[in-house]
Amino acid sequence: MADDKKLTTRAEDFSAWYNEVVLRAELADYSPVRGCMVIRPNGYGIWERMQRALDTAIKAAGHENAYFPLFIPESYLHREAEHVEGFAPEAAVVTHGGGELLAEPLVVRPTSETIIYSMYAKWVQSYRDLPILINQWANVVRWEMRTRLFLRTLEFLWQEGHTAHATHDEAEAEARTILALYRDFMENWMAMPVVTGVKTASEKFAGALRTYTCEAMMQDNKALQAGTSHNLGQNFAKAFDLTFQSEAGTIEHAWNTSWGVTTRLVGALVMTHGDDNGLRTPPRLAPIEVVIVPIWKSDEERGRLLEAANRVRDSLTQWRGRGEDPLRVRVDAREGVKPGAKYYEWELRGIPLRLELGPRDLEKQACMAARRDTREKQSLPLDGLPAAVAGLLQRMQDDMLRAARERREANSVRHAVSYDEFRQLIEGPGAFVYAGWNGDPAVEAKVKEETKATIRCLPDEEFRSPSPPARCLVTGEPAAHEVLWARAY
RNA sequence: CGGGACGUAGCGCAGUCCGGUAGCGCACCUGAAUGGGGUUCAGGGGGUCGCGGGUUCAAAUCCCGCCGUCCCGACCA
């Protein structure tokens, strides 16, 4: 039946809806190996846009790209006590090579701190060799028990930055700089607002001094950690003899940071912006921003309309009103597929703007423009079309961020007055709930146990309440912090 | 690893209780008409019914064993 074509609605079953969008928008597919994922061209195109934007920003912040090996000697993981505890259980280990049992097993990197800092140790002698600011684009493997397309796969793609500095303050500034960079990307490219802040001890990266996070709210009101930046202190420098001679002549351990974002961002995009018709992509991230659908009835019309559609495409792609960022346009000239079917398909795939061009439009020297985000249609004159389209795309970009922010604020509670009320909020539809915390890990654990909610972060200044709660939500003791609670992916 | 469900065409499923020639929808191929929001009609291709064993004249169906997947928990970007 025609019902096969319909998506499960978000309200009915968010998880089923999410999987359907990812599969049917051809972002990804399941691989023969459980928990791994094949990223299809449509999904990889979005990831490439993300990569390009992030890579540019990371380089502008003074970093260079390099590449370190996939295999890490197993003993490296064991050098930092907390790190091995965090990652050994989910490590994939190679025991054989060339048909022989290996003398030392090789771990497929779950993250590259150990291999990278062991190399930095060779490269650094003097404070003059610092800072080292390196980023790499790579894949990593973590043997998760349960997986989910894009959000948690056994293998995933990411960028991981690894820096070494002469002082704590410099490393701290670096970690904060990257956090701000991530937030800028998530908000201004992905149109996905995030709350930034610092993780609690129980939620921080294994081996870090402090972990900073970007927390996004998905449409089912669950939180998703979209990116992290760690001040590693001297923990890895001590484990890998990463030392330098200071200006004063003393031998010091370097201070490290590491930070990364992953293909999870593609999943975050779907769960932030998708609707009951499929994916919505903010124009800046869309591999194709505009699709032109010519409409014809006869062969004579077909030739005329295709020619017109190509002319419109050329006028858009050749326009330079956006500097070195030409409009990304595609003409859907397929025969045997009705226009309506094309509309549904491009909507499912999230193309921001559709231009319908039929005989009636051509007579009026106009075309019909349909926004993916609001599904509003308007007629645009072909004269001056590129500037109008670019303006419309920019407005869509802004509107999507605003809408996502409004949704988050509508589902955020500045602070719960009682633990009962808190539990009701968290166990109900779910939300971001800000509350007072006395700083005791036991309280954190108790709430997690009872409600499945975790402290997402101690939010940065700009996210805190104007009048923060004075008391700990659970114990009633004076509150040491205001924290953000949520159920999370 | 604990609790639950499922495994039949590329995808989604019915058929299993009560054994008797392998079915439906979508997708795909051919032809014609159609074409401004998922076209219609006609024809067609595609299956060791997860694997192995057993019962039976006869097994997708009943019995035994194995394997795999998904969902709920513990772990996580």
Side-chain angles (χ1 to χ4, degrees), chain A residues 1-8 13 15-16 19-20 23-24 26 29-35 85-91 110-111 138-160 182 186 199 202-206 211-216 223-230 258-268 277-278 293-299 301-302 305 334-348 354-364 366-368 370 375 377 379 448-449 452 454 456 488-489:
Chain A
M1 280 302 289
D3 280 1
D4 286 336
K5 295 178 174 176
K6 257 201 214 146
L7 277 171
T8 304
D13 185 340
S15 293
N19 279 324
E20 279 184 53
L23 295 172
R24 286 174 53 184
E26 297 187 358
D29 201 354
Y30 294 107
S31 87
V33 176
R34 176 202 73 91
E85 207 178 301
F87 285 103
E90 56 191 48
T111 178
N139 55 342
V140 291
V141 168
R142 298 181 186 177
W143 217 263
E144 304 288 352
M145 303 178 191
R146 264 180 79 197
T147 59
R148 205 152 147 54
L149 290 169
F150 283 114
L151 299 189
R152 195 174 303 104
T153 46
L154 293 195
E155 178 193 0
F156 56 90
L157 308 182
W158 73 349
Q159 67 59 221
E160 50 178 328
Y182 284 161
M186 289 165 193
K199 286 284 189 191
S202 69
E203 298 282 323
K204 76 175 171 61
F205 176 78
T211 291
Y212 294 100
T213 180
C214 298
E215 296 291 327
L224 183 75
Q225 182 170 317
T228 52
S229 175
H230 317 288
S258 70
W259 27 274
V261 294
T262 78
T263 36
R264 169 178 275 192
L265 290 178
V266 179
N277 298 301
V293 180
I295 296 151
W296 63 78
K297 289 191 175 79
S298 62
D299 275 355
E301 272 183 2
R302 179 171 158 271
L305 266 301
R334 284 176 299 170
E335 286 183 63
V337 183
K338 290 184 74 169
K342 291 179 180 178
Y343 299 169
Y344 277 93
E345 190 177 320
W346 293 112
E347 280 175 6
L348 178 62
R354 179 181 69 242
L355 298 181
E356 305 168 11
L357 190 64
R360 297 207 295 270
D361 302 298
L362 211 51
E363 259 172 52
K364 292 183 292 185
C367 64
M368 195 56 81
R375 303 189 88 217
K377 279 194 185 188
S379 183
K448 181 177 178 177
E449 170 70 27
K452 308 285 179 231
T454 50
R456 303 315 300 164
Y489 279 99

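Side chains are part of it too, since the values below use all heavy atoms of this structure and drop only hydrogens, waters and symmetry mates. Lettering of chains follows the sequences in order, A, B, ..., and the numbering in each one begins at 1.
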Out of B:G37, B:C70, B:A77, minimum distance to the side chain of A:Arg34 belongs to B:C70
To the nearest angstrom, the CG-C1' distance between A:Leu23 and B:A27 comes to 15 Å
Against the side chain of A:Tyr344, the closest entry in B:C75, B:G37, B:A77 is B:G37
NA contact type, A:Gly358, heavy-atom cut-off 4.0 Å: base, sugar-phosphate, or nothing?
base
As its Watson-Crick or G-U partner within any shown strand, both distances under 3.5 Å, B:C28 has B:G44
Of the listed B:A74, B:A77, B:G36, the closest approach to the A:Arg264 side chain comes from B:A77
Winner on side-chain proximity to A:Arg142, out of B:C75, B:G36, B:A77, is B:A77
Among B:C70, B:G35, B:A74, the one nearest any side-chain atom of A:Lys297 is B:G35
Counting distance alone, no hydrogens or angles: does the base of B:G35 have a donor or acceptor under 3.5 Å from a partner atom on the side chain of A:Arg302? no
Touch check for A:Glu144, heavy atoms < 4.0 angstrom, all strands: base, sugar-phosphate only, or nothing?
-> base
When rounded to whole Å, the CD to C1' distance for the pair A:Glu203 and B:A77 reads 12 Å
In whole angstroms, the gap separating C1' of B:G12 from NZ of A:Lys6 amounts to 16 Å
Rounded to whole Å, NZ of A:Lys338 lies from C1' of B:G37 at a distance of 9 Å
I'd like the P distance from B:G50 over to B:A9, given in whole Å. 8 Å
Closest of B:G37, B:C75, B:A77 to the A:Phe156 side chain is B:A77
Considering only heavy side-chain atoms of A:Ala341, the closest of B:G37, B:G35, B:U39 is B:U39
Report task. Compare side-chain N and O positions of A:Lys377 against OP1 and OP2 of B:G37 and report whether any pair is under 4.0 Å apart. Result -> no
Winner on side-chain proximity to A:Trp296, out of B:G37, B:A77, B:G35, is B:G35
Taken to the nearest whole Å, CD/A:Glu90 to C1'/B:C75 is 7 Å
A:Leu357 atom CG is separated from B:G35 atom P, nearest whole Å, by 18 Å
Contacts table for residues 355-362 of chain A: side-chain donor-acceptor under 3.5 angstrom, sequence neighbours left out:
from, atom 1, to, atom 2, distance (Å)
A:Glu356, OE1, A:Tyr343, OH, 3.3
A:Glu356, OE1, A:Lys377, NZ, 3.3
A:Glu356, OE2, A:Arg354, NE, 3.1
A:Glu356, OE2, A:Arg354, NH2, 2.9
A:Glu356, OE2, A:Lys377, NZ, 3.0
A:Asp361, OD2, A:Gly358, N, 2.9

**B:C17 to B:C6 separation - P atoms, rounded to the nearest Å** = 15 Å
note: A:Glu335, atom CD; B:A33, atom P; distance rounded to Å ~ 13 Å
Confirm from the modelled atom types if A:Glu301 and B:G35 form a donor-acceptor pair under 3.5 Å, side chain to base only. no
